[in-house]
Amino acid sequence: MIPRYSLPEIADLFTDEARFAAWLEVEVLAVEAWAELGVVPAEHARIVRERAGFDVGAIHEREKVTDHDVAAFVDIVQATVGAPAGGWVHYGLTSSDVVDTALALQMTRAMDYIIGAAATLEATIAARAREF
């Protein structure tokens with residue numbers, strides 16, 4: 001994004017921190033869905049929900065080794081959760097599953113903001129039209 005053309009509220013949705021947070025949301029929900037299906041032990045899903053986290057700098061450092069952004073992210077999250085529960089992070093998923101789903105989440109959040117801003121603009125324009 002080009003900063004001078006970006007609304008801070010929108011730009012904030014697409015930082016590395018926000019992108020990885022969206023990826024984490026997808027990963028944790030996937031583990032919980034596997035637990036509901038009886039594939040992942042419920043206790044492991046609970047542990048993943050409680051412990052899952054990441055450090056942006058650590059992901060970038062790990063990516064220098066993996067040469068793959070999602071693999072680096074998964075490695076860091078799994079290490080943060082710890083074994084054995086961390087091993088379920090990314091289970092049954094492809095990188096595209098995570099990246100595309102998270103991007104749709106980020107885009108939805110951006111559109112929610114834009115729709116709200118458009119409604120405010122419309123109300124302001126209508127009020128000014130009535131005023132004049």
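A quick note: this is a predicted structure, and the numbers were derived from the prediction, not measured.
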J.: Please list all pairs meeting side chain to side chain donor-acceptor pair (under 3.5 Å) that have one or both residues in residues 65-81, counting only residues at least two apart or in different chains.
T.: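 Pairs touching residues 65-81 that pass the test: Arg62-Asp75.
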J.: Once you round to the nearest 0.5 Å, how far does OG of Ser95 lie from CG of Asp100?
T.: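 The OG atom of Ser95 sits 10.0 Å away from the CG atom of Asp100.
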J.: Which residues satisfy the side-chain hydrogen bond (donor to acceptor under 3.5 Å, both in side chains) test with Glu32, sequence neighbours excluded?
T.: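 So Glu32 forms a side-chain hydrogen bond (donor to acceptor under 3.5 Å, both in side chains) with Arg49.
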J.: Just to verify, what does Asp97 make a side-chain hydrogen bond (donor to acceptor under 3.5 Å, both in side chains) with, not counting sequence neighbours?
T.: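 Thr94.
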J.: Who passes side chain to side chain contact (heavy atoms under 4.5 Å, CB included) against Leu121, sequence neighbours left out?
T.: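 Here the qualifying residues are Ile125.
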J.: Spell out, yes or no, whether Ile76 and Leu93 are grouped together once hydrophobic residues are joined by side-chain heavy atoms under 4.5 Å, including indirect joins.
T.: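 Yes, same cluster.
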J.: Please name all residues satisfying side-chain hydrogen bond (donor to acceptor under 3.5 Å, both in side chains) with Glu36, sequence neighbours left out, ordered by chain then number.
T.: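 Listed in chain order: nothing, the list is empty.
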J.: Taking a hydrophobic cluster as the set of Ile, Leu, Val, Met, Phe, Trp and Tyr residues connected by side-chain heavy atoms closer than 4.5 Å, whether directly or through intermediates, do Val31 and Tyr91 fall within one such cluster?
T.: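 Hydrophobic grouping puts Val31 with Tyr91.
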J.: Give the minimum heavy-atom separation between Ala35 and Ala42, together with the two atoms involved.
T.: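 Closest approach of Ala35 to Ala42, heavy atoms only: CB-CA, 4.4 Å.
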J.: Once side chain to side chain contact (heavy atoms under 4.5 Å, CB included) is applied, do any residues pair with Glu17, and if so which ones, sequence neighbours excluded?
T.: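 Scan of Glu17 (side chain to side chain contact (heavy atoms under 4.5 Å, CB included), adjacent residues dropped) gives Thr15, Phe54, Val56.
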J.: Please name all residues satisfying side-chain hydrogen bond (donor to acceptor under 3.5 Å, both in side chains) with Glu122, sequence neighbours left out, ordered by chain then number.
T.: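 Glu122: no side-chain hydrogen bond (donor to acceptor under 3.5 Å, both in side chains) contacts found.
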J.: Can you pull the side chain to side chain donor-acceptor pair (under 3.5 Å) pairs that have at least one residue in residues 50-59, sequence neighbours excluded?
T.: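 Applying side chain to side chain donor-acceptor pair (under 3.5 Å) to every pair that reaches into residues 50-59, excluding sequence neighbours, yields Arg46-Glu50.
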J.: Considering residues at least two apart in sequence or located in another chain, which fulfil the side chain to side chain contact (heavy atoms under 4.5 Å, CB included) criterion with Ala110?
T.: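 Per chain and number, Ala110 pairs via side chain to side chain contact (heavy atoms under 4.5 Å, CB included) with Ile10, Leu13, Phe14.
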J.: Would a 4.5 Å heavy-atom cut-off, applied to side chains only, mark Val39 and Trp88 as touching?
T.: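 Val39 reaches Trp88 side chain to side chain.
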J.: For the atom pair CZ (Phe73) and CZ (Arg19), what is the distance rounded to the nearest 0.5 Å?
T.: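 Answer rounded to 0.5 Å: 9.5 Å.
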J.: Are Leu37 and Ile47 co-members of a hydrophobic cluster defined by side-chain heavy atoms under 4.5 Å apart?
T.: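 Same cluster.
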J.: Would you give me the side-chain donor-acceptor pairs under 3.5 Å for residues 22-30, sequence neighbours excluded?
T.:
residue: Glu25; atom: OE1; partner: Arg109; partner atom: NH2; Å: 3.0
residue: Glu27; atom: OE1; partner: His90; partner atom: N; Å: 2.9
residue: Glu27; atom: OE2; partner: His90; partner atom: ND1; Å: 2.6

J.: Linking Ile, Leu, Val, Met, Phe, Trp and Tyr by side-chain heavy atoms under 4.5 Å, what else ends up with Tyr5?
T.: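 Grouped by the 4.5 Å side-chain rule, Ile2 form the rest of the cluster around Tyr5.
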J.: If I compare all heavy atoms of Val81 with all of Ala52, which pair ends up nearest, and what's the gap?
T.: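 Closest pair (atom of Val81, atom of Ala52, distance): CG2-CA, 3.7 Å.
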J.: Could I get the full list of side chain to side chain contact (heavy atoms under 4.5 Å, CB included) partners for Arg130, not counting sequence neighbours?
T.: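 Partners of Arg130 by the side chain to side chain contact (heavy atoms under 4.5 Å, CB included) criterion, ordered by chain and then number, come out as Ala126, Ala127.
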